[in-house]
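Proteins come first, then strands; the chains are lettered A, B, ... in the order of their sequence lines, and each starts at number 1.
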2 protein chains.
Amino acid sequence: MLKALGENIKKIRLEKGLTQVDLVGKIEARIDTTNISRIEKGRTNATIHTLYRISEALEVPLSDICKL
Amino acid sequence: MLKALGENIKKIRLEKGLTQVDLVGKIEARIDTTNISRIEKGRTNATIHTLYRISEALEVPLSDICKL
DNA sequence: TCCATACTTGCCATATTTGACAAGTCAAGA
DNA sequence: TCTTGACTTGTCAAATATGGCAAGTATGGA
């Protein structure tokens, strides 16, 4: 399930033509590519706030990245 | 945003006619009404795994409780 | 081959979620 | 009023997410 979530994020990110660094750059509050990578690989159980910041940077609704 | 998420959960829970205790009872892995209450009140930044377990207990897609 | 870019992974310190329990609030009804 | 059920809030310990940095892997191009 975390893996599916991560793949969702990665898919959307690539569709937008963004690298992890680009994505991080679009997030106001500090976040690290380390964390993006961990989330995309399903290696961490992200908090909803982190996912929310990612959804903002990707310019998609939070619910889009929560579609499993 | 955490508050909106919590209100979402509460709304769905009440629509299903469940109390917090009922909801906890439907979740396989251990969870506490303390945590349900904190999430519903937006006092905690829940992890996606916790929200996923709640969505399972509510029998709705995770994306439904992530609609802000 | 060498280099650059993109990504992954390990480690650390700090902050915070979670589970657990106890105590408190609140509303409805006997 | 008293009781009961539902919910909220405080505190604690343990687990873990996060930010940060460094090192490693993989791929493609000069």
Side-chain angles (χ1 to χ4, degrees):
Chain A
M1 168 261 170
L2 290 176
K3 202 159 154 50
L5 185 83
E7 282 163 7
N8 251 7
I9 292 172
K10 182 168 186 175
K11 180 170 168 292
I12 296 170
R13 176 171 62 79
L14 296 178
E15 278 169 8
K16 302 264 178 178
L18 300 171
T19 66
Q20 289 180 347
V21 171
D22 293 335
L23 179 57
V24 164
K26 298 192 69 175
I27 297 175
E28 296 94 42
R30 199 174 301 288
I31 197 170
D32 202 81
T33 56
T34 304
N35 208 22
I36 299 288
S37 179
R38 284 190 287 227
I39 292 167
E40 284 189 359
K41 302 294 277 185
R43 301 175 71 84
T44 203
N45 173 21
T47 64
I48 197 68
H49 183 236
T50 299
L51 296 175
Y52 181 66
R53 285 185 291 159
I54 292 172
S55 76
E56 283 187 312
L58 290 175
E59 295 171 32
V60 297
L62 175 59
S63 56
D64 272 22
I65 66 178
C66 294
K67 275 177 192 147
L68 313 178
Chain B
M1 168 261 170
L2 290 176
K3 203 159 154 49
L5 184 83
E7 281 163 7
N8 252 6
I9 292 172
K10 183 168 186 175
K11 181 171 167 291
I12 296 171
R13 176 171 63 78
L14 296 178
E15 279 169 7
K16 303 263 176 178
L18 301 171
T19 65
Q20 289 181 347
V21 172
D22 294 334
L23 178 57
V24 164
K26 298 192 68 175
I27 297 175
E28 297 94 40
R30 200 173 299 289
I31 198 169
D32 201 82
T33 58
T34 304
N35 207 23
I36 299 288
S37 180
R38 284 190 287 226
I39 292 167
E40 284 188 0
K41 301 295 276 186
R43 301 175 73 82
T44 203
N45 172 22
T47 63
I48 197 68
H49 184 235
T50 299
L51 296 175
Y52 180 68
R53 285 185 291 160
I54 292 172
S55 76
E56 282 187 312
L58 291 174
E59 296 170 32
V60 297
L62 175 59
S63 57
D64 272 23
I65 65 179
C66 293
K67 275 178 192 146
L68 312 177

Nearest atoms (heavy-atom pairs only) where B:Leu62 meets A:Met1: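 Closest approach of B:Leu62 to A:Met1: CD2-CE, 4.0 Å.
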Least distance between heavy atoms, A:Ile12 atom then A:Asp64 atom: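 Between these two residues, the closest heavy atoms are CD1-O, 4.4 Å.
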Length of the line joining [X]:[atom1] and [N]:[atom2], which is rounded to integer Å:
X	N	atom1	atom2	result
A:Ile31	D:dC21	CD1	C1'	16 Å
B:Glu40	D:dC7	CD	P	8 Å
B:Leu23	D:dA6	CG	C1'	13 Å
B:Asp32	D:dA14	CG	C1'	15 Å
A:Asn35	D:dT16	CG	P	16 Å

Covered region of DNA chain C, 5' end to 3' end, by chain B [heavy atoms, under 4.0 Å]: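 Boundary nucleotides touching chain B, in 5' to 3' order, are C:dT17 to C:dC21.
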When you measure from the side chain of [X] to the backbone of [Y], do you find a donor-acceptor pair of N or O atoms at a distance under 3.5 Å?
X	Y	value
A:Arg13	A:Leu18	yes
B:Thr19	B:Asp22	yes
A:Lys10	A:Glu40	no
A:Asn8	A:Leu5	no

B:Lys16 atom NZ, over 12 foreign heavy atoms within 6.0 Å: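 It does: B:Lys16 NZ has more than 12 such atoms within range.
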Residues B:Glu7, B:Lys11: salt bridge by 4.0 Å N-O rule: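 Looking at B:Glu7 and B:Lys11, the cut-off is not met.
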Most 5' of B:Gln20 and B:Thr34 on DNA chain D, judged by nearest nucleotide: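 In this pair, the answer is B:Gln20.
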Distance test, side-chain N/O of B:Arg43 to OP1/OP2 of D:dG10, below 4.0 Å: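 Answer is yes, contact under 4.0 Å.
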Within residues 44-58 of chain A: residues closer than 4.0 Å to DNA chain D (heavy atoms):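 Going residue by residue through residues 44-58 of chain A, the ones with a heavy atom under 4.0 Å of DNA chain D turn out to be A:Thr44, A:Asn45, A:Ala46, A:Thr47, A:Thr50, A:Arg53.
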Sugar-phosphate only, base, or nothing, as touched by A:Ile36 at under 4.0 Å among non-hydrogen atoms: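 No contact at all - A:Ile36 keeps every heavy atom at 4.0 Å or more from the nucleic acid.
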Show me the side-chain donor-acceptor pairs of residues 48-56 of chain A shorter than 3.5 Å, one per line, residues at least two apart or across chains.
{"residue": "A:Thr50", "atom": "OG1", "partner": "A:Thr47", "partner atom": "OG1", "Å": "3.2"}
{"residue": "A:Arg53", "atom": "NH1", "partner": "A:Arg30", "partner atom": "O", "Å": "3.0"}
{"residue": "A:Ser55", "atom": "OG", "partner": "A:Tyr52", "partner atom": "O", "Å": "2.7"}

